[in-house]
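My structure is below; once you've seen it, I'll send some questions.
Lettering of chains follows the sequences in order, A, B, ..., and the numbering in each one begins at 1.
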Protein chains: 2
Amino acid sequence: MAGYRIGALAGRTGTNAATIRYYEEIGLLPRPDRREGNQRCYGEDDVRRLTFIRRCRDFGFSIEQVRTLVSLVQDRSRSCMEARDLAQTHLSAVQVKLRELAALEKSLVQFVAACDAECAGGPGPDCCILDDLSGTMKPAAGCCGTGLP
Amino acid sequence: MAGYRIGALAGRTGTNAATIRYYEEIGLLPRPDRREGNQRCYGEDDVRRLTFIRRCRDFGFSIEQVRTLVSLVQDRSRSCMEARDLAQTHLSAVQVKLRELAALEKSLVQFVAACDAECAGGPGPDCCILDDLSGTMKPAAGCCGTGLP
DNA sequence: ATACATGTTCAAGTAACTTGAGGTTCAAGG
DNA sequence: CCTTGAACCTCAAGTTACTTGAACATGTAT
């Protein structure tokens, strides 16, 4: 009946207690009631709100974007289309990042494979892979050549 | 013959000049020679080294990892296998991130699509998508239900 | 000679938290 | 009732990898 203390809220939402206090400080969470001993006391609304916030953060929205999203939830007179647009913008950024990361993964796989193939013997001072890394342009004449890492 | 000034090095490596000074400060780049008027003077070695550093950073290695990589390049008596292992570790992390990002992209696509389908009319106060966002567990009974963003 | 770009140092700001110090409050066991 | 230990409190500072700004010096083109 007495509501949750910060640890319980933290547990229910998978959030660090210090992060909850931080969100309060930056105004992303409202100041909660306090009990006798000055400890924060949260209710279901706080659970919902923090769940929402964490979910948005997990999906890569910035704090400022989350702030906007929260205000959209608060103020229904504005269209949910604003949320849609925000999501769309974010989606585009995610897709770019996704492509970059996929390219990175490919390069890393090649780098590791090249290492395994060429340098398997161990600590050879002749390893050219590290040269590759610092090479500016020269195609490293038939060695590894992954352009990695 | 006088070497590059900081702006030229920045241009050649696609690095912000302030970032170059920062790298110098944290010891990732050596202190360069200075010319008469105290301006930094770089050579080809610096171009190579900074290219290497930027490339590693672009590939998501942390500054500390790059520091290790740089020292590996410097000290050939150690195996390039260390670089391989670092890359392998990094690869695993990248793959996790890649999977998360792919899941995120899917959710965002669904969210935007659901918005288009359900709320296309505009600013309806009945939009349930935002409710979805804050819903803790209840499956939102047949509405949108993307669990997004 | 005079603009104006480019360089210099040093300090502070940024995001989004996390960690630490030093002190209270709460719940359980003896 | 008393004590222990976990959980809580506030406030300050640390983290990562830079970026931005102020105030001044230098280099280059006209």
Side-chain angles (χ1 to χ4, degrees), chain A residues 1-29 31-43 46 49-50 52-70 90 93 97 100 104 149, chain B residues 1-43 46 49-70 90 93 97 100:
Chain A
M1 260 272 45
Y4 311 107
R5 292 194 316 190
I6 201 168
L9 180 62
R12 291 194 144 232
T13 59
T15 313
N16 187 331
T19 303
I20 294 175
R21 292 193 199 98
Y22 167 72
Y23 285 166
E24 181 186 328
E25 193 185 313
I26 64 172
L28 204 49
L29 284 177
R31 288 169 193 283
D33 293 342
R34 300 297 182 113
R35 33 181 87 195
E36 295 280 305
N38 195 34
Q39 298 193 345
R40 288 168 178 82
C41 185
Y42 298 98
D46 298 297
R49 184 155 174 162
L50 183 51
F52 174 81
I53 291 168
R54 286 314 305 183
R55 202 165 287 171
C56 290
R57 292 288 302 129
D58 285 347
F59 281 120
F61 288 91
S62 74
I63 290 283
E64 286 315 308
Q65 288 177 316
V66 176
R67 221 187 274 279
T68 303
L69 253 3
V70 167
H90 187 52
K97 199 112 196 121
E100 288 175 359
L104 167 55
Chain B
M1 255 293 41
Y4 312 106
R5 293 192 316 186
I6 202 168
L9 180 62
R12 291 195 144 231
T13 59
T15 313
N16 186 331
T19 303
I20 294 174
R21 293 194 199 98
Y22 168 72
Y23 284 165
E24 181 185 329
E25 192 186 314
I26 64 172
L28 205 49
L29 285 176
R31 287 169 194 286
D33 294 342
R34 300 295 183 115
R35 33 181 87 193
E36 294 278 307
N38 194 36
Q39 298 193 342
R40 288 168 178 81
C41 184
Y42 297 98
D46 298 296
R49 183 155 175 163
L50 185 50
T51 301
F52 173 80
I53 292 169
R54 287 314 304 183
R55 201 165 286 173
C56 290
R57 292 287 302 128
D58 285 346
F59 280 122
F61 288 91
S62 73
I63 291 282
E64 285 316 305
Q65 286 177 318
V66 176
R67 219 186 276 279
T68 303
L69 254 2
V70 167
H90 187 53
K97 200 106 196 126
E100 288 175 359

* So what does A:R54 hit on the nucleic acid, given a heavy-atom distance under 4.0 Å: a base, only sugar-phosphate, or nothing? ->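 Since only primed, P, OP1 and OP2 atoms lie under 4.0 Å of A:R54, the category is sugar-phosphate.
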* **C:dT8 OP1/OP2 closer than 4.0 Å to side-chain N/O of B:R40** => yes
* To do: Select one nucleotide: of D:dC18, C:dG7, C:dC17, the one nearest the side-chain heavy atoms of B:I6.
  =>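 From the listed options, C:dG7 comes nearest.
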* Do A:Y4 and A:D46 come within less than 4.5 Å of each other through their side chains, counting heavy atoms only? ->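 Side chain of A:Y4 against side chain of A:D46, heavy atoms only: no contact under 4.5 Å found.
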* Step-by-step side-chain contact (heavy atoms from CB on, under 4.5 Å) determination, B:R40 to B:R34 -> CA-CA 5 Å; B:R40 288 168 178 81; B:R34 300 295 183 115; 3.4 Å; yes
* What is the distance from OH of B:Y4 to P of C:dT6, rounded to the nearest Å? ->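 Distance, rounded to whole Å: 18 Å.
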* Does atom CZ of B:R31 have more than 12 heavy-atom neighbours from other groups under 6.0 Å away? -> no
* Asked: Who passes side chain to side chain contact (heavy atoms under 4.5 Å, CB included) against B:Y22, sequence neighbours left out?
  -> B:I26
* **A:Y42 OH - D:dA7 P separation (whole Å)** => 17 Å
* A:Y42 and A:R12: side chain donor to acceptor below 3.5 Å -> no
* Is any side-chain nitrogen or oxygen of B:R67 closer than 4.0 Å to OP1 or OP2 of D:dT16? -> no
* Any ion pair linking B:R67 and B:E64 (charged N to carboxylate O, less than 4.0 Å)? -> yes
* Starting from P on C:dC17, measure out to CZ on A:F61 and report it in whole angstrom. => 15 Å
* Asked: Is a donor on one side and an acceptor on the other found under 3.5 Å between the side chain of A:R49 and the backbone of A:I53?
  ->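 Answer holds: no.
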* **Comparing A:A17 and B:I63 on DNA chain D - which has the more 5′ nearest nucleotide** =>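 It is A:A17 whose nearest nucleotide is closer to the 5' end.
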* Asked: Can you check whether A:T19 has a side-chain N or O nearer than 4.0 Å to OP1 or OP2 of C:dT18?
  -> yes
* Heavy-atom donor-acceptor pair, A:Q65 side chain to A:S62 backbone, under 3.5 Å -> yes
* **Separation of atom CZ in A:R34 from atom P in C:dC26, rounded to whole Å** =>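 My rounded result for the distance is 12 Å.
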* Separation of B:Q65 atom CD from D:dT16 atom C1', in whole Å? ->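 Distance check: B:Q65 CD to D:dT16 C1' gives 13 Å.
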* Any donor and acceptor pair, going by atom type alone, linking the side chain of A:T19 with main-chain N or O of A:T15 inside 3.5 Å? -> no
* Structure fact -> A correct 5'-to-3' footprint of nucleotides 20-30 of chain D, with B, S and - meaning base, sugar-phosphate only and no protein heavy atom under 4.0 Å, is B-----SS---
* To do: Output the residues of residues 20-28 of chain B in contact with DNA chain D, where contact means a heavy atom of the residue under 4.0 Å from an atom of the strand; sort by number or write none.
  =>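 Close to the strand are B:Y22, B:Y23.
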